[in-house]
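For reference, the structure is listed below as structure tokens.
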There are 2 protein chains.
Amino acid sequence: MKKDLRIIKTKESLRHALISLLKTKSIETISIAELCRLAQINRGTFYLHYKDVHEVFKEYLDVIVEDLRKSYEEPYYKTNYKIKDITADMIKIFHHVKKYQDFYQIIFDERIPMMYYYLLFDTVRTFMRDSIEEGLLAAQHELKVDYLISYQTNAILGILIEWHRQEYKTSITELNKQLFMIISIHDPFRMQ
Amino acid sequence: MKKDLRIIKTKESLRHALISLLKTKSIETISIAELCRLAQINRGTFYLHYKDVHEVFKEYLDVIVEDLRKSYEEPYYKTNYKIKDITADMIKIFHHVKKYQDFYQIIFDERIPMMYYYLLFDTVRTFMRDSIEEGLLAAQHELKVDYLISYQTNAILGILIEWHRQEYKTSITELNKQLFMIISIHDPFRMQ
DNA sequence: ACTTTTAATGAACACATGTTCAATAAGTTT
DNA sequence: AAACTTATTGAACATGTGTTCATTAAAAGT
């Protein structure tokens, strides 16, 4: 039950064409017709697999999200301090975003649909859930964890938005220092 | 140097037509041609004022952002506790979002461009800047405030995202209670 | 009221969108 | 290798997009 080679070929052609076009123009200005011409794919074939140009990009993005997930899994220099654990986890995200800066510049662009942001949000959110649940959950039984986790997750994404707005000029070391200071002020896990 | 009445009439017709169409279909599926037909405006005239359907919506949204700004200004029952001040400020935002729920449902939709999110982000961010700067700024001179403020702002928007995902079923009272608990855990301004 | 300014119109244009359908060719099974 | 399955193709169609331009008409200035 393997995938038909023709489908793979078609999708690859479209992905290559998109990457090529993205070097010179923004994703919003790329038409389906233009993409298909470059990929040498019939426009009708396009609609057999995708609804719009964004879906081609999104499929490519899945690879990047996978890298984010992987980079998060791999161990870092962990200490005994909870806060340091968190910043150590987040520094991995910063490294990842820097690595794929070209793509995150697109994801955070104001013309781009929220869907990419939510993709990132959901990915980071699963990390955040794993980080939090252990110590905190049991203590406050009136707390709806979903709100806490979304609060925490989006706070981190707020740093990424600010980073993006400052055109990624802040170094990762500096960014991590800032995050450490912010979390130190807030001291999220001092209860433990 | 007043605005030409014809322009006002054209823009009003388009706004009314958009509001009418939004009742039955999503903004993404509304074409310029369809909007102009309903508004009885020549399509060419549309392009004299707007680039796409979103710009019509965005102009309407400015009214809502203005309401957000106003509702934030008006005094609430303030106490001496900093945390309570913050949650009192934020409850105003919750009320505002609930009031314009129909619009925030569009703003947080995954197919909608980030631009609306940023509009909200920037508005809340100015509130946040005003709330924070007083006590905190001077103490930590190595802290880049921009990152702190974006972190704080987006954390709040994280709650709104979660609220949206839970289809605004959580009551404002409950939401405020959650926020109070979250901030109590983090205790952002215990230094003061 | 008359003149000036400028917004709105309709027609036309090349190109993009989204869909259909029979014909073809490429891949998979046997 | 032959028989099958199905992805791709090209053509066609109605509609949408973004722009232009001369004409019309409405508002503003005098």
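Excluded from the calculations below are hydrogen atoms, water molecules and symmetry mates; all remaining heavy atoms, backbone and side chain alike, are included. The structure displayed is predicted, hence computed values, not measured ones. Per chain, numbering begins at 1; letters A, B, ... match sequence-line order.
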Atom CG of B:L5 and atom P of C:dA8 are separated, to the nearest Å, by 11 Å

What nitrogen or oxygen pairs link the protein and nucleotides 18-22 of chain D at under 3.5 Å?
{"from": "D:dG18", "atom 1": "OP2", "to": "B:Y47", "atom 2": "OH", "distance (Å)": "3.1"}
{"from": "D:dG18", "atom 1": "N7", "to": "B:R43", "atom 2": "NH1", "distance (Å)": "2.8"}
{"from": "D:dG18", "atom 1": "O6", "to": "B:R43", "atom 2": "NH2", "distance (Å)": "3.2"}

Does any N or O donor sit under 3.5 Å from an N or O acceptor when you compare the side chain of B:R6 with the base of D:dA26? yes

Quick check: closest heavy atoms across A:D146 and A:R125, and the distance to 0.1 Å? O-NH2, 2.9 Å

Return the value, rounded to whole Å, for the distance between atom CD1 of B:I30 and atom C1' of D:dT17. 17 Å

Would you mind reporting whether B:Y147 and A:L179 have side-chain heavy atoms less than 4.5 Å apart? no

Taking OP1 and OP2 of D:dA7, is either one under 4.0 Å from a side-chain nitrogen or oxygen of A:H49? no

A:K3 NZ to D:dT6 C1', straight-line distance once rounded to whole Å: 15 Å

If I take atom CD in residue A:E34 and atom P in nucleotide D:dT17, what distance separates them, rounded to the nearest angstrom? 18 Å

Would the B:H96 and B:Y72 ring centres measure less than 6.0 Å apart? no

What is the distance, rounded to the nearest whole Å, between atom CD of B:Q40 and atom P of C:dA8? 15 Å

C:dA7 OP1/OP2 closer than 4.0 Å to side-chain N/O of B:T45: no

How about A:K11: does its NZ atom have over 12 heavy atoms from other parts shown lying under 6.0 Å from it? yes

Has A:R165 got its NZ or CZ under 6.0 Å from the middle of the six-membered ring of B:Y118, at an angle within 45 degrees of the ring axis? yes

Is the centre of the A:F103 ring less than 6.0 Å from the centre of the A:Y60 ring? yes

Between C1' on D:dT8 and CG on A:N42, what's the gap in Å once rounded to a whole number? 7 Å

Rounded to the Å, how far apart are A:Y50 OH and C:dT17 P? 16 Å

Please find out if less than 6.0 Å separates the ring center of A:Y104 from that of A:Y168. no

Nearest listed nucleotide, side chain of A:A33, among C:dA8, C:dA16, D:dT17: C:dA16

side-chain N/O B:T10 vs C:dA8 OP1/OP2, d < 4.0 Å: yes

For the pair made of CG in A:L48 and P in C:dT20, what is the distance, rounded to whole Å? 11 Å

